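Computed from a predicted model, the values in this text were never measured in an experiment. In this chain, residues are counted from 1 in sequence order.
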Amino acid sequence: MITTDALLAITVVWGFVFIYAVMATMDFGAGFWSMIYINKEKTNATNIANRYLSPTWEVTNVFIVAIVVALFSFFPGATFILGTVLLIPGSIILLLLAIRSGFLVFSHYSKGYEKALTYVSGISGFIIPAILLLVLPITHGGFIEVVNGSHQLQLGKLFTSPNAYAFSGFAITSTLFLSSLLLSDYSNVANEPEAYKVYRRDALILGPLSLVMGFLIMLTLRTEANWLYMNMMKYLPFLIGSVAMFMIAGGALFLPSQKDKRTLGRPRIAVVAVTIQYFLASYAYGRAHLPYMLYPDVSIQDGFTHPNTFHAVFITYIVGFSILFPGFFYFWRLFMKDKRYLKQNES
C-alpha cells in the first residue's frame, strides 16, 4: 500500500523530471540547430540558437541537481539500486554534460572556443537525450539480473530491445521538435523572419516524426512491458488529450500571424499546446508506472525514507522553490522581452 507521503514525494520528483525534460530538450536542441545552420549566415538561425543557448543552460542544470537530491532524500533505498544499475549510462551522461558545460563556460572567455562549442553542443544535443531516456525502459523490467545479491544491468538485452530504441528515437525527435518550436517563437519575438521560417519548417517536419515515435513506444511496450501498457490504457483519455493538443499545436502553425497576415504561424500558442501535450502524456505514463520505481523489485514504498526525514526535506523544498521560482519567472520574462538582448548582433 502506498502512503500519502510516498505519493507526494514521487510527485515532487516527477515534477522536477518534467520541468527538466522540457527545458533540457529545448536547451540541447538549440545546440544542435546552432551546429546545423552554422554556415547559413543569411538565415541568422545559428545566432538565434546561440542567443537562446547562452543564458538557459545554467538554469536548466539547476533542475537536474534537484532531481538527484530529491531522489536521494526521498527514496534512499531505491536510489542505491538505481545508482548501481545506471552506473555506466549515468557516467556517460555526466561526462558529456561536463564536456558540454566546460565548452559553454570557456567560449565566453575565448573566441577560439566558439566553433568547437558549436560542434560539441550540437553533437551532445542529441546523444545526451537519447541516453537519458534509456533510463525509462530499464525501469520497466527485463534488463536487470540479481547476481549474488547485486543488481546488474544487462546491456546486451538493452541494446537489442526495440522498446529501448523507440525511447531513444522519441528523445531525439522530441528534442529537435521542441527546440525548433521554441526557437521559431524566439525568432518571431526577435523579429528575425528568415530564422522564423527555418525553425517553423523544422518543427512541421519533426512534429509528426515525434508523434510516430510515441506510437512506436506504445507498440513495443505492448510486447516488452505489457504490465505498463495495460496500466497506461487505464489513462487513455490523457493520451487522447495529448494527441489532441499536438493537433492544436500543428494548427497554430498555420494560423495567420498577428504581426503580418501574410506570414503563417502563431508559435507561442504552439509552444503552450505542446507543453500541455507532453504533460498529459507524461502524467499517464507516470501514473501507470506506479507503484514501481524499478519493476518488479522496488516500489516507491520500499525505497521511501523515514516520514520525519521526508517532512523536513519537503518543507525545505517548499521554502527553497518559493524563493527560486519567482526568480526563474523574472529571468524568463527578461529573456523573452528584453529588446536589447533580442536585437543584439552576433559579434
Could you pull out the closest heavy-atom pair between [X] and [Y], with the gap in Å?
| X | Y | value |
| --- | --- | --- |
| M232 | A288 | CG-CB, 3.4 Å |
| A6 | I300 | O-CD1, 4.0 Å |
| T175 | T25 | CG2-O, 3.2 Å |
| A66 | F16 | O-CD1, 3.8 Å |
| F75 | F304 | CE2-CD1, 3.7 Å |
| P307 | D5 | CB-OD2, 4.2 Å |

Q: Compute the centroid of each ring, for H140 and then for F167, and state whether the two points are separated by less than 6.0 Å.
A: yes
Q: Verify the ring-centre separation between H289 and Y285: is it less than 6.0 angstrom?
A: yes
[X] side chain vs [Y] backbone, donor-acceptor pair below 3.5 Å:
| X | Y | result |
| --- | --- | --- |
| T309 | T305 | no |
| S184 | Y199 | no |
| R266 | L253 | no |
| Q301 | T3 | yes |
| S242 | Q277 | yes |
| S34 | A30 | no |

Q: Please examine the side chains of V85 and Q152, heavy atoms only from C-beta on, and report whether any two atoms are closer than 4.5 Å.
A: no
Q: Report yes if some heavy atom in the side chain of S179 is under 4.5 Å from a heavy atom in the side chain of F32; otherwise report no.
A: no
With sequence neighbours left out, what residues match [X] under side chain to side chain contact (heavy atoms under 4.5 Å, CB included)?
| X | value |
| --- | --- |
| Y283 | W14, F238, R287 |
| L96 | I92, I127, I128, I131 |
| V69 | V65, S73, Y317 |

Q. Is it the case that R200 places NZ or CZ above or below the six-membered ring of F254, under 6.0 angstrom from the centre and within 45 degrees of the axis?
A. yes
Find the distance between [atom1] ([X]) and [atom2] ([Y]) and round it off to the nearest 0.5 Å.
| X | Y | atom1 | atom2 | value |
| --- | --- | --- | --- | --- |
| R201 | S180 | CZ | OG | 10.0 Å |
| L86 | S91 | CG | OG | 10.0 Å |
| M233 | L221 | CE | CG | 9.0 Å |
| T79 | F74 | OG1 | CZ | 11.0 Å |
| L183 | L178 | CG | CG | 10.5 Å |

Q: Could you name each residue pair satisfying salt bridge (Lys or Arg N to Asp or Glu O under 4.0 Å) that touches residues 127-156, not counting sequence neighbours?
A: E145-K157
Q: Any pair with a residue in residues 66-86 that passes salt bridge (Lys or Arg N to Asp or Glu O under 4.0 Å), sequence neighbours left out, goes on the list, sorted by first then second residue, please.
A: none
Q) Can you get from Y292 to L8 by hopping between Ile, Leu, Val, Met, Phe, Trp and Tyr side chains that sit under 4.5 Å apart? A) yes
Q.
Heavy-atom count check: over 12 atoms from other residues, nucleotides or ligands less than 6.0 Å from I240 CD1?
A. yes
Q.
Other residues, nucleotides and ligands only: do more than 12 of their heavy atoms fall within 6.0 Å of CZ on F18?
A. yes
Using residues 204-220 as the side-chain source, report each donor-acceptor pair under 3.5 Å to any protein atom, sequence neighbours left out, with the distance given to one decimal.
| from | atom 1 | to | atom 2 | distance (Å) |
| --- | --- | --- | --- | --- |
| S210 | OG | G207 | O | 2.7 |
| T220 | OG1 | N163 | ND2 | 2.7 |
| T220 | OG1 | L216 | O | 2.8 |
| T220 | OG1 | I217 | O | 3.0 |

